Structures are given as C-alpha cells and as structure tokens.
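To start, the structure under review is shown below, and the notes come after it.
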Amino acid sequence: MTNPTHATAAPAPAPGRVIVFDTTMRDGEQSPGASMSIEEKLELAKILEDMRVDVIEAGFPIASNGDFEAVRRIAGLITESTVCGLARAGVADIERCGEALRGAKRGRIHTFISTSPQHRDHILRMSPEDVVEAVHASVSHARKLIDDVEWSAQDATRTERDVLRRCVEAAIRAGARTINIPDTVGYAYPDEYAAVFRDLIENVPGADEVIFSTHCHNDLGLAVANSLAGVQAGARQVEVAVNGIGERAGNAALEEVVMALKVRGDALRFTTGVQTEHITRASRYVAAITGFPVQFNKAIVGKNAFAHEAGIHQDGMLKDASTYEIMRPEDVGQGGSNLVMGKHSGRHAFREKLRALGYDLGQNALNEAFGRFKDLADKKKSVFDDDIIALVDDALSRGEERVQVKALRVIAGTEGPQEAHLTLVVDGAEARATATGDGPVDAVFNAIGAIVPHEAVLRLFQVHAVTEGTDAQAQVSVRLEEDGRIATGQAADTDTLTAAAMAYVNALNNLFMRKQKSAPEPMIASGF
Ligand code: MN
C-alpha cells in the first residue's frame with residue numbers, strides 16, 4: 001500500500017455493474033471547435049453528477065491553465081462522482097494532475113502512453129522495453145500521489161499482443177486499478193476488440209484484481225458496438241461522451257451505450273448507475289455550449305428518435321406503444337407532454353413544459369426564459385416544443401452580457417451595398433453605427449465591429465429553421481476565434497438577421513469572459 005496524500009478511491013463496483021466514465025470535457029473537448037469555458041464545464045459536471053455518472057474526466061491539467069483550473073474547480077465541487085484528470089507518462093504531467101485533484105473527494109489520475117509500433121517508432125522513438133519501463137515508472141509515481149490510478153495504452157488495438165500484455169502487467173504491478181484499452185484510431189471490429197480483452201484477462205498476472213475499460217472511437221461507426229463487445233469480454237468500465245463528441249468521428253456515445261445496456265438487459269446482463277431521465281438534458285446542454293447540433297436521426301437524443309411518421313407505424317402506436325417503441329421517450333427525459341403553448345400560457349404551464357422537455361432551470365433563468373417566451377408568443381401564433389428548446393438553449397449558452405443588441409435595421413436586396421443600422425448597449429451605454437457589407441449578414445457583423453472593435457475571426461455561421469413555415473424562428477450559431485480562444489454564441493428570433501446579430505454578440509460576450517479569466521496559451525499535443 002502506498003501512502004496517498006489526498007483523496008480516496010471509489011469502492012469497487014457491484015457484480016453486474018458497469019462503471020460509466022464520461023470524457024465529454026476531455027476527449028469531447030478535443031473535437032475541433034468544441035472548446036468549453038470553465039463555467040460551462042462546472043455546469044456540465046453538475047449535470048453529469050445528477051445523472052450519476054461514476055467518473056468525470058474533467059480535463060488534461062498540464063495542457064493549459066484553463067484545463068488545470070477546470071479540473072481543480074470541478075474536483076472541489078463534485079462529491080458523488082470520481083473526478084479524473086489526464087496525464088502523459090512524464091513526472092511533470094502527473095504532478096500537475098495530482099495538484100489539480102488535491103481538493104477532490106474522490107480523485108483519479110489517468111496516465112497514458114502509446115504502445116503501438118506506429119506510435120513507438122514515429123512519435124515516441126522508444127523500444128518496447130523503454131515503453132514497459134515508462135509504464136511502470138509513471139503509474140508508480142501517480143500512486144505516490146493518489147490511490148485511484150488508471151492507465152491507458154494509447155493505440156492499444158494496433159499494438160502487438162505480447163507488448164500489450166507486458167505493458168498491462170507493468171501497470172498492474174505498479175498499482176493501477178483500472179486498465180484502459182483504447183481503440184484510439186477507431187479501427188477494430190467488435191470480435192477483434194473483444195479478443196484483446198479476453199487475451200489480457202486470461203494471460204496477464206493480476207488481471208483479476210483490476211477493472212478493464214473500453215475507450216472506442218467512431219471512425220467506422222463501430223464505437224458503441226465495440227464498447228459492448230468489450231463489456232461482453234470482461235471490461236467493467238466504458239469511456240463515453242455525451243452526444244458521442246470527441247476526436248475526429250467522436251467517442252462512443254454515452255446515451256447509446258447506457259440505453260443499449262438498459263434496454264437489452266436480457267442480452268447482456270449488466271447495469272449502469274446512470275439515471276437515464278437526465279440524458280436529454282445533458283445532450284441539449286452539450287449541444288448548446290459546443291454549438292454542435294445533434295443530427296435529427298441520432299439514436300436516443302435526435303429530435304426524430306421517437307417520432308413516428310409512416311401511417312402504419314402511427315396506427316400501431318395509437319393501439320399500443322410497444323408496437324414500434326423499444327423504450328419510452330420519458331426514460332431518456334424526452335416528451336411526455338402535448339401541451340400546446342401560446343401567448344395565454346402562464347408561467348406554471350411554461351415550467352411544466354420545460355420539465356417535460358428535459359430542462360430544470362433555476363428561478364432567474366426561468367424568469368428570463370419566460371419573458372422571452374412571451375415575446376415570441378406575441379410574434380408567432382403557435383409556439384412549438386422546438387421553439388422553446390431553441391429559446392432555452394440560447395439562454396444556456398449565454399455568458400455575462402457586456403454587449404446587448406438594442407435595435408437593428410437592415411437594407412437588403414438585389415441592389416448593393418447592403419447596409420445595417422445597429423444600436424448596441426455596451427457596458428450600460430448605448431452606441432450606434434451604420435455599416436455596409438457584402439450581403440446583409442456581413443453588414444450586420446461589420447456594424448458590430450464598428451462599435452466593438454475586436455480581432456476575432458468568424459469560424460462558423462450556421463442558420464437552422466427551428467420549425468416549419470415562413471414565420472419559423474431562425475436559430476443562428478456563431479463561432480469566433482481570437483488568439484487560439486474559441487467562443488460560441490447562439491440566438492433564435494423570427495428575424496434571421498436579428499438572430500445573427502444576437503448570436504454574434506453572444507459569442508463576443510463569451511470571448512470577453514474567457515479573456516478575463518485565462519491568459520492565452522498554446523494547447524499541447526493531446527491524449528488518445
Ligand atoms: Mn480518445
């Protein structure tokens with residue numbers, strides 16, 4: 001037994017229980033453009049804890065001061081879930097990670113090194129023997145700081161089986177409690193992935209005393225299937241991300257792995273501790289803060305996941321839901337209410353509607369959302385569920401509002417140049433500008449730049465019609481980048497150009513917030 005300086009390890013799982021390890025804030029945040037602010041990460045951590053996720057990977061502390069702070073503050077906030085930080089095999093990484101986790105009730109250091117010949121030869125320039133030695137040294141060092149240590153073999157699935165066995169054995173001997181076998185490049189087939197676990201569990205001394213973990217990428221659309229194959233072969237932890245975000249094609253989606261285990265408990269006799277009614281709320285929050293929309297036909301959380309269109313299906317559904325539904329929308333926090341909302345709907349009905357849609361807002365956020373709902377109901381006769389979702393997501397993605405849109409008038413059409421007359425409120429004072437542009441959106445953004453000069457570059461401008469019809473709200477997402485910092489803003493309005501102006505201003509506000517709180521710094525080469 002080593003002598004930990006802080007934090008205790010979570011108890012071993014009950015038989016039949018799979019540990020859910022969420023990496024939305026680490027691997028998920030590595031998706032290009034998906035950066036989250038510390039405040040957003042804190043809020044997400046609370047949502048994940050409410051959902052009873054077992055382990056929250058909160059970041060990669062040595063990567064940046066922002067990541068360090070996020071891990072440190074989440075470690076101080078979360079009491080039910082284990083809070084995990086990522087570290088490469090070096091002493092500096094591990095020490096920094098241990099420091100970030102100092103305040104954790106349950107902390108975990110997750111350290112990794114590449115094991116495959118491709119990575120050994122081209123990235124590490126180390127022999128298999130060197131790698132085995134580094135595994136032992138890194139895990140031993142982490143165990144000096146904390147009880148709960150996870151070790152990962154980056155690119156495990158392309159590693160020679162004998163080398164992988166030696167690395168896993170070294171990690172177990174050095175005191176790792178969890179052994180993660182990532183399919184880093186999303187290359188494995190389910191039976192191949194399962195075979196790796198069976199081989200390790202049968203042949204590595206001490207394998208029966210640790211938890212094996214899956215970490216699958218979706219490059220071939222197999223991340224969830226591979227995760228389940230891993231569990232079938234003996235893994236007892238799954239590493240997943242909300243909405244399946246992550247490097248390239250993303251990670252195994254939390255909601256899909258969890259619901260596959262729940263719905264098909266007859267086929268694979270394992271449970272998770274996840275309270276699945278929180279899934280929709282987590283999905284919507286992650287979509288709002290990253291600006292990554294969820295595809296309509298996405299399993300579990302897509303807007304069509306529980307929609308029945310074909311007449312024969314609808315007919316069956318009316319007779320009995322089990323005809324075409326393998327799970328109830330309420331099980332994942334969707335639907336359960338057909339209340340039509342309009343301008344006569346009161347605050348109470350509005351709150352009930354939000355609950356049915358998977359939102360649980362605090363009093364201030366509720367009041368603000370209700371005010372905006374009333375404004376919308378004045379402009380639009382029928383307010384649909386999707387209108388309300390758009391309205392609340394805007395509020396969730398909005399930071400401190402130093403800049404606000406007061407008034408906008410735009411001259412658009414075939415005769416250029418298009419022109420925008422804009423009034424903003426900046427730190428409480430009104431300011432006006434008129435600008436022209438190459439199209440009305442460009443004119444609006446130029447007018448914002450004339451009032452609030454900035455160096456940010458527009459990285460994404462996206463418009464969705466929230467519902468059908470010409471009076472539908474337009475939901476606009478804007479992503480800005482300045483000095484490597486990325487901020488996203490969203491807004492919905494029945495006027496597309498007003499929504500564009502508000503989304504741009506929201507992104508600017510989020511950018512200002514980030515600027516105040518962290519010095520710019522380059523992100524180092526990241527995890528698996
Ligand atoms: Mn990964």
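Please read all numbers here as calculations on a predicted model, not as lab measurements.
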Problem - Any donor-acceptor pair under 3.5 Å from Asp54 side chain to Val20 backbone - result: yes
Exercise for the section: Can you see which heavy atom on Ser81 is nearest to which on Ile78, and at what distance? Expected result: O-CG2, 3.5 Å
Problem - Any side-chain heavy-atom pair of Val332 and Glu255 under 4.5 Å - result: no
Exercise for the section: Calculate, to the nearest 0.5 Å, the distance between atoms CE and OG1 belonging to Met36 and Thr290 respectively. Expected result: 6.5 Å
Practice task
Measure from the side-chain N and O atoms of Asp22 to the backbone N and O of Leu48, and report whether any donor-acceptor pair falls under 3.5 Å.
Solution key: no
Handout entry: Glu57 and His110: side chain donor to acceptor below 3.5 Å
Key = yes
Problem - Val238 side chain near Thr272 side chain, heavy-atom distance below 4.5 Å - result: no
Handout entry: Donor-acceptor contact present, side-chain Asp183 to main-chain Ala188, <3.5 Å
Key = yes
Practice task
Compare all side-chain heavy atoms of Glu39 with those of Arg73 and state whether any distance is below 4.5 angstrom.
Solution key: yes
Handout entry: CE on Met51 to CG on Leu44, rounded to 0.5 Å
Key = 8.0 Å
Handout entry: Salt bridge flag under 4.0 Å for residues Arg96 and Glu99
Key = yes
Exercise for the section: Kindly indicate whether the side chain of Phe270, heavy atoms from C-beta on, has any atom under 4.5 Å from the side chain of Arg17. Expected result: no
Practice task
Kindly give the heavy-atom pair with the smallest separation between Asn251 and Glu247, and that separation in Å.
Solution key: OD1-N, 4.3 Å
Practice task
Apply side-chain contact (heavy atoms from CB on, under 4.5 Å) to Asn510 and Thr488, showing your working.
Solution key: CA-CA 7 Å; Asn510 288 336; Thr488 305; 5.7 Å; no
Practice task
Mark yes or no for whether Asp93, through its side chain, and Ala89, through its backbone, hold a donor-acceptor pair below 3.5 Å.
Solution key: no
Practice task
Specify the closest pair of heavy atoms between Gly437 and Asn446, including all atoms of both residues, with the distance to one decimal.
Solution key: CA-ND2, 3.8 Å
Handout entry: Nearest non-hydrogen partners of Met502 and Ala491, listed with the distance
Key = CB-CB, 3.5 Å
Problem - Side chain Glu482, main chain Glu455, donor-acceptor under 3.5 Å - result: yes
Handout entry: Side chain proximity check, Asp385 to Lys353, heavy atoms < 4.5 angstrom
Key = yes
Practice task
Test Asp67 against Lys41 for salt bridge (charged side-chain N to carboxylate O under 4.0 Å, His left out), laying out the working first.
Solution key: CA-CA 10 Å; Asp67 253 44; Lys41 285 184 179 176; 3.5 Å; yes
Problem - Donor + acceptor pair across side chains of Asp155, Ser116 (<3.5 Å) - result: yes
Fill in the blank from the handout: In this structure, CD of Glu401 is separated from CG of Asp427 (nearest 0.5 Å) by 12.0 Å
Problem - Tyr193 side-chain N/O to Leu228 backbone N/O, donor-acceptor pair under 3.5 Å - result: no
Handout entry: Interatomic spacing from CG in Leu101 to CZ in Arg106 - rounded to 0.5 Å
Key = 14.0 Å
Handout entry: Trace of the side-chain contact (heavy atoms from CB on, under 4.5 Å) decision for Ile94 with Lys144
Key = CA-CA 10 Å; Ile94 292 168; Lys144 284 184 196 141; over 6 Å; no
Completion exercise
Heavy atoms of Ile38 and Gly66 approach each other most closely as CD1-O, 3.8 Å
Handout entry: Distance (rounded to the nearest 0.5 Å) between Leu511 CG and Ser37 OG
Key = 11.5 Å
Practice task
Please answer whether the main-chain N or O of Leu497 pairs with a side-chain N or O of Asp495 as donor and acceptor at a distance below 3.5 Å.
Solution key: yes
Handout entry: Flag for Gln154-Ser114: side-chain donor and acceptor within less than 3.5 Å
Key = yes
Exercise for the section: Show the numbers, then the answer: is there a side-chain contact (heavy atoms from CB on, under 4.5 Å) between Asp147 and Arg177? Expected result: CA-CA 8 Å; Asp147 253 5; Arg177 298 234 166 130; 4.2 Å; yes
Exercise for the section: Mind running side-chain contact (heavy atoms from CB on, under 4.5 Å) on Val55 and Glu150 for me, showing each step along the way? Expected result: CA-CA 11 Å; Val55 186; Glu150 171 170 337; 5.8 Å; no
Handout entry: Stepwise salt bridge (charged side-chain N to carboxylate O under 4.0 Å, His left out) check, Glu43 with Lys46
Key = CA-CA 5 Å; Glu43 183 62 31; Lys46 279 193 283 183; 3.8 Å; yes
Practice task
Check for a donor-acceptor pair, side chain of Arg402 on one end and backbone N or O of Phe512 on the other, with a separation under 3.5 Å.
Solution key: no
Problem - Any side-chain heavy-atom pair of Lys298 and Ser283 under 4.5 Å - result: no
Problem - Gln473 and Gln475 side chains, donor-acceptor separation under 3.5 Å - result: no
Problem - Leu480 side chain near Leu458 side chain, heavy-atom distance below 4.5 Å - result: yes
Handout entry: Close side-chain approach of Phe292 and Val286, heavy atoms under 4.5 Å
Key = no
Handout entry: Flag if over 12 foreign heavy atoms under 6.0 Å of CZ, Phe370
Key = yes
Practice task
List the steps, then state whether ring-ring contact (aromatic ring centres under 6.0 Å, His included) holds for His278 with Tyr285.
Solution key: CA-CA 11 Å; His278 294 262; Tyr285 188 68; over 10 Å; no
Practice task
Give a yes or no on this: more than 12 heavy atoms of other residues, nucleotides or ligands lie within 6.0 Å of atom NZ of Lys374.
Solution key: yes
Handout entry: CD-CG distance between Glu277 and Asp331, expressed to the nearest 0.5 angstrom
Key = 8.0 Å
Practice task
Over 60° means perpendicular and under 30° means parallel, so classify the ring planes of His454 and Tyr504, tilted if in between.
Solution key: tilted
Problem - Donor-acceptor pair, side chain of Asn509 and main chain of Val403, under 3.5 angstrom - result: yes
Practice task
Say whether, by atom type as modelled, one donor and one acceptor occur between the side chain of Asn226 and the main chain of Ala223 under 3.5 angstrom.
Solution key: no
Completion exercise
Nearest heavy-atom contact between Lys303 and Val466 is NZ-O, 4.2 Å
